Amino acid sequence: MIRLKRFLKHRWLDETDAARALDNAAITRLEQRVTASERRHSGEIRVCVEASLPLSYLWRNATARERAVTMFGKLRVWDTEQNNGVLIYLLLAEHAIEIVADRGVARVVPQEHWKQIVAGMREAFHARRFEEGLAAAIDAVDEQLAQHFPVTAEAVNPNELPNRPVRR
């Protein structure tokens, strides 16, 4: 029964629900926030918001974490020079929030810190303030990346990944 409930919840939501949660203006503002953030550090931040899991994930009863790790790969967050990419993932159907950090970041930022960021986001998301929650998460990730991967004045800091959040 639980699997059927989960299946129906995911089939009920689609891209239009993600667009209602974050309209184009919100996506643009979040993109600008990521762009500004990445001027302070050499890390890369990606944001992915999905309304629901694909059918294949539901069929095998996969978790939101599994999907976040897959999206980490699909969005090439792992493909940075210093292995310092971070994915902020939101799954609307389950109100699930995941932060996936590449190995360079994981070496210096404990997993417990990401859990604290997720806890802060959860309150905003329950109040349906998705943009506010994601903006706070971007700021919190920015703080860690700026601390551990700062950009020096003479360093070249290429933008290795797109800054625009993915909405699916």
Side-chain angles (χ1 to χ4, degrees), residues 15 18-51 63-92 94-168:
E15 290 101 14
R20 273 195 297 279
L22 288 168
D23 62 17
N24 289 334
I27 292 290
T28 299
R29 287 188 296 273
L30 291 170
E31 178 182 19
Q32 291 166 347
R33 190 175 219 100
V34 170
T35 300
S37 163
E38 290 180 359
R39 290 188 191 113
R40 297 173 12 98
H41 54 76
S42 63
E44 293 290 327
I45 301 173
R46 292 297 320 257
V47 176
C48 180
V49 178
E50 285 193 304
T63 64
R65 180 71 181 181
E66 289 176 74
R67 179 62 176 173
V69 170
T70 297
M71 293 309 294
F72 181 87
K74 282 186 174 193
L75 296 173
R76 302 182 61 86
V77 182
W78 58 269
D79 194 19
T80 61
E81 183 71 28
Q82 295 181 35
N83 298 311
N84 57 357
V86 177
L87 173 68
I88 302 168
Y89 178 82
L90 171 61
L91 178 61
L92 296 175
E94 295 184 3
H95 303 269
I97 307 157
E98 297 288 342
I99 297 179
V100 183
D102 204 351
R103 61 188 171 272
V105 178
R107 277 188 216 112
V108 295
V109 180
Q111 185 64 30
E112 196 56 42
H113 185 74
W114 303 127
K115 289 179 183 178
Q116 291 171 356
I117 294 172
V118 167
M121 294 168 65
R122 197 168 308 284
E123 185 179 315
F125 293 156
H126 281 301
R128 303 199 52 81
R129 296 187 321 265
F130 300 107
E131 182 181 359
E132 180 183 315
L134 286 168
I138 291 167
D139 293 346
V141 171
D142 168 63
E143 183 179 303
Q144 291 300 308
L145 292 175
Q147 177 184 343
H148 297 290
F149 301 95
V151 174
T152 60
E154 58 278 341
V156 175
N157 186 18
N159 189 21
E160 299 177 84
L161 299 172
N163 296 338
R164 190 158 183 86
V166 173
R167 184 179 57 199
R168 303 168 57 122

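On a predicted model such as this, the values are computed, not experimentally measured, just so you know. Atoms considered below: every heavy atom in the structure, side chains included; atoms not considered: hydrogens, waters and symmetry mates.
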Would you say R128's side chain and A21's backbone share a donor-acceptor pair under 3.5 angstrom?
no
Can you tell me how far CG of N84 sits from CD of E44, rounded to the nearest 0.5 angstrom?
7.5 Å
Are any non-hydrogen side-chain atoms of I117 and M121 less than 4.5 angstrom apart?
yes
D23 (side chain) donor-acceptor with A25 (main chain) under 3.5 angstrom
yes
Go through R40 and D142 one step at a time and tell me if the side chain to side chain contact (heavy atoms under 4.5 Å, CB included) criterion holds.
CA-CA 8 Å; R40 297 173 12 98; D142 168 63; 3.0 Å; yes
So, do V86 and V109 sit near enough that their side-chain heavy atoms are less than 4.5 Å apart?
no
Report the distance from atom CZ of R65 to atom CZ of F72, rounding to the nearest 0.5 Å.
9.5 Å
Using atom types as modelled and distance alone, determine if a side-chain donor or acceptor of R33 lies under 3.5 Å from a backbone N or O of I138.
no
List the atom of A68, the atom of V100, and the distance in Å for their closest heavy-atom pair.
CB-CG2, 3.9 Å
In short, L87 meets C48 closest at the heavy-atom pair CD1-CB, 3.9 Å
Atom pair NE2/CZ of H95 and F125 - distance to nearest 0.5 Å
11.0 Å
Going by heavy atoms in the side chains, are R39 and V151 under 4.5 Å from each other?
no
To check you understand the geometry: which heavy-atom pair defines the closest contact between E38 and G43, and what is its length?
CG-O, 3.7 Å
Output for pair (M71 CE, R168 CZ), nearest 0.5 Å, gives 4.0 Å
Can you confirm whether the side chains of N24 and R167 place a donor and an acceptor under 3.5 Å from each other?
yes
Please indicate whether Q147 has more than 12 foreign heavy atoms, meaning atoms of other residues, nucleotides or ligands, lying under 6.0 Å from its CD.
yes
Does A64 offer a backbone N or O that forms a donor-acceptor pair with the side chain of E98 under 3.5 Å?
no
What distance separates L92 CG from I97 CD1, expressed to the nearest 0.5 Å?
10.0 Å
On a heavy-atom basis, which atom in G85 and which in T80 lie closest, and how many Å separate them?
N-OG1, 3.8 Å
E123 CD to E132 CD distance, which is reported to the nearest 0.5 Å
9.0 Å
Side chain N163, main chain Q32, donor-acceptor under 3.5 Å:
no
If we check side-chain contact (heavy atoms from CB on, under 4.5 Å) with I45, which of these qualifies: L30, L161, L145?
L145
Identify the heavy atoms of R46 and L75 that sit nearest to each other, and give their distance.
NH1-O, 3.8 Å
